[in-house]
Amino acid sequence: MTMSKSMQHIDHKRTVIKLGGSMLSGLSDVFFSKFVQLQKEGHELVIVHGGGPFINSALIEKGIKSHIDEGIRVTCEKSMEIVKSVLIGKVNTSLVHQLNDKGIKAIGLNGFDGNLLPCTVLNEERFGFVGKITKVNEEVLVSLLEAGLVPVVSCIGSTQCGTALNINADTVASEIALALRANSLILVTDTPGIQVGNEMQQNASPASIEQWIVEGEIYGGMIPKVNAALACLHAGIPQVHIADQHLNGTVIGFEEALI
Ligand SMILES: Nc1ncnc2c1ncn2[C@@H]1O[C@H](COP(=O)(O)OP(=O)(O)O)[C@@H](O)[C@H]1O
Ligand SMILES: CC(=O)N[C@@H](CCC(=O)OP(=O)(O)O)C(=O)O
């Protein structure tokens, strides 16, 4: 991964990897070996995970209806309990186990741990129990990285009085990448990047992404990803990758960072 001139003063190689629920049930050895390769190249890695499809199944099983509004799940109080137990109790523990099993020293966290993700309510009327991150308290992640551990973060935030809130995992990943001044963000999903017409795109600029959204080429779950990517790029992270678990995909950046 190349580093843009504006980031060359940063003396660490930090990468945030977001694993989407769409690919989590099929994590393969290829992913773990790519992960270890990045560690050997000196990258400090933080994982953020989603779990949308697992939440969908658990809600259906309990007979609770839910819907997604512009990539954000409208989350009632009952759904929030399920989101919390699925993400923290099932997806996070399973992922941490799989990483540890491959010899990668992983530790599970959510937004309550070390007050990592303090939140306010995004828009109660429209989205219910959905959080807007007020600040990432990244010191807890830095301490774990310095101890040689891989933090694995569930996308659950906490209000000041301790109410759990649901947050889109792409948003959490971009906020953490920004707080850690990461060199790159990799959003791993079930498709090798952004497809436009019949073609997968190797590179994309912010302007082309905005155009593809308007044209309807980018829709649904890809919207929070490209929004997360644009927020990172505009705040100085040189490149964001949207990739499959082989880490093949689209590199999004301003043109000078892609050269
Ligand atoms: N232009 C696009 N290129 C590729 N995938 C797209 C595009 N627009 C929308 N998508 C959809 O976005 C999905 C990935 O988002 P999502 O299912 O939310 O994944 P995750 O659970 O990994 O966050 C793809 O499987 C695809 O259906
Ligand atoms: C508020 C909100 O939308 N939260 C998401 C959190 C999980 C997630 O983002 O999972 P993926 O990465 O698999 O999409 C949800 O409830 O589905």
Side-chain angles (χ1 to χ4, degrees), residues 16-27 31 47-60 64-76 78-88 90-92 95 110-111 117 119 121-124 126-133 152-157 164-176 185-202 204 208-229 241-245 248-250 252:
V16 175
I17 301 182
K18 185 263 172 168
L19 302 181
S22 64
M23 51 73 67
L24 274 175
S25 48
L27 263 181
F31 171 76
I47 293 180
V48 174
H49 69 83
F54 300 95
I55 298 169
N56 291 340
S57 308
L59 289 172
I60 291 170
I64 300 172
K65 286 204 177 106
S66 90
H67 75 279
I68 307 284
D69 179 353
E70 286 186 12
I72 296 175
R73 185 184 305 277
V74 177
T75 310
C76 66
K78 262 199 207 160
S79 311
M80 187 62 232
E81 276 310 301
I82 298 193
V83 169
K84 197 167 80 171
S85 71
V86 169
L87 291 181
I88 299 176
K90 292 192 178 155
V91 181
N92 190 273
L95 186 52
N110 64 72
L117 302 173
C119 287
V121 176
L122 177 63
N123 178 337
E124 192 171 0
R126 182 167 173 193
F127 299 114
F129 283 67
V130 170
K132 178 177 167 50
I133 300 171
V152 180
V153 183
S154 272
C155 51
I156 299 289
L165 296 174
N166 187 10
I167 318 166
N168 180 281
D170 296 314
T171 310
V172 172
S174 70
E175 296 271 1
I176 287 181
L185 168 66
I186 308 176
L187 300 169
V188 184
T189 184
D190 61 350
T191 161
I194 299 173
Q195 185 173 343
V196 176
N198 289 327
E199 271 184 43
M200 298 310 296
Q201 304 298 306
Q202 280 198 322
S208 56
I209 290 206
E210 275 156 24
Q211 189 188 332
W212 293 331
I213 295 175
V214 172
E215 291 168 355
E217 297 280 0
I218 292 180
Y219 55 88
M222 193 53 72
I223 300 266
K225 283 183 218 316
V226 294
N227 284 338
H241 302 234
I242 297 181
D244 64 11
Q245 62 172 304
N248 295 324
T250 307
I252 309 171

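We count ligands from 1, going down the list as the structure has it; atoms in each ligand are counted the same way.
- Looking at N168, its side chain does come within 3.5 Å of a backbone N or O of G71 through a donor-acceptor pair.
- What you find for A58 and I82 is that their closest heavy atoms are CB-CG2, 3.6 Å.
- Considering all non-hydrogen atoms of both residues, H49 and S154 come closest at NE2-OG, 2.9 Å.
- Residues of the protein with a heavy atom under 4.0 Å from ligand 1 are K18, G20, G21, S22, T189, D190, T191, G193, I194, Q195, E217, I218, Y219, G221, M222, K225, listed by chain and number.
- Residues forming a side chain to side chain contact (heavy atoms under 4.5 Å, CB included) with A173 (at least two apart in sequence, or on another chain): V16, K18, V48, L185, L187.
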Taking a 3.5 Å cut-off between nitrogen or oxygen atoms, can you list every pair linking ligand 2 to the protein, with distances?
| from | atom 1 | to | atom 2 | distance (Å) |
| --- | --- | --- | --- | --- |
| ligand 2 | 3 (O) | R73 | N | 2.9 |
| ligand 2 | 4 (N) | N166 | OD1 | 2.9 |
| ligand 2 | 4 (N) | N166 | ND2 | 3.3 |
| ligand 2 | 9 (O) | A169 | N | 3.0 |
| ligand 2 | 10 (O) | G51 | N | 3.0 |
| ligand 2 | 10 (O) | G52 | N | 3.1 |
| ligand 2 | 12 (O) | K18 | NZ | 2.6 |
| ligand 2 | 13 (O) | G21 | N | 2.8 |
| ligand 2 | 13 (O) | G51 | N | 3.2 |
| ligand 2 | 13 (O) | G52 | N | 3.0 |
| ligand 2 | 16 (O) | R73 | NE | 2.6 |
| ligand 2 | 16 (O) | N166 | ND2 | 2.9 |
| ligand 2 | 17 (O) | R73 | NE | 3.3 |
| ligand 2 | 17 (O) | R73 | NH2 | 2.9 |

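- Just one residue in the list V83, L59, T75 forms a side-chain contact (heavy atoms from CB on, under 4.5 Å) with S66, and that residue is L59.
- Dense packing is recorded around CD of E215, with more than 12 heavy atoms of other residues, nucleotides or ligands lying under 6.0 Å away.
- I218 pairs in a side-chain contact (heavy atoms from CB on, under 4.5 Å) with only one of the listed residues (V196, N227, V226), which is V226.
- Residue pairs that meet the side-chain hydrogen bond (donor to acceptor under 3.5 Å, both in side chains) test with at least one member in residues 190-201, sequence neighbours left out, do not exist here.
- Here the side chain of D244 pairs a donor or acceptor atom with the backbone of N248 at under 3.5 angstrom.
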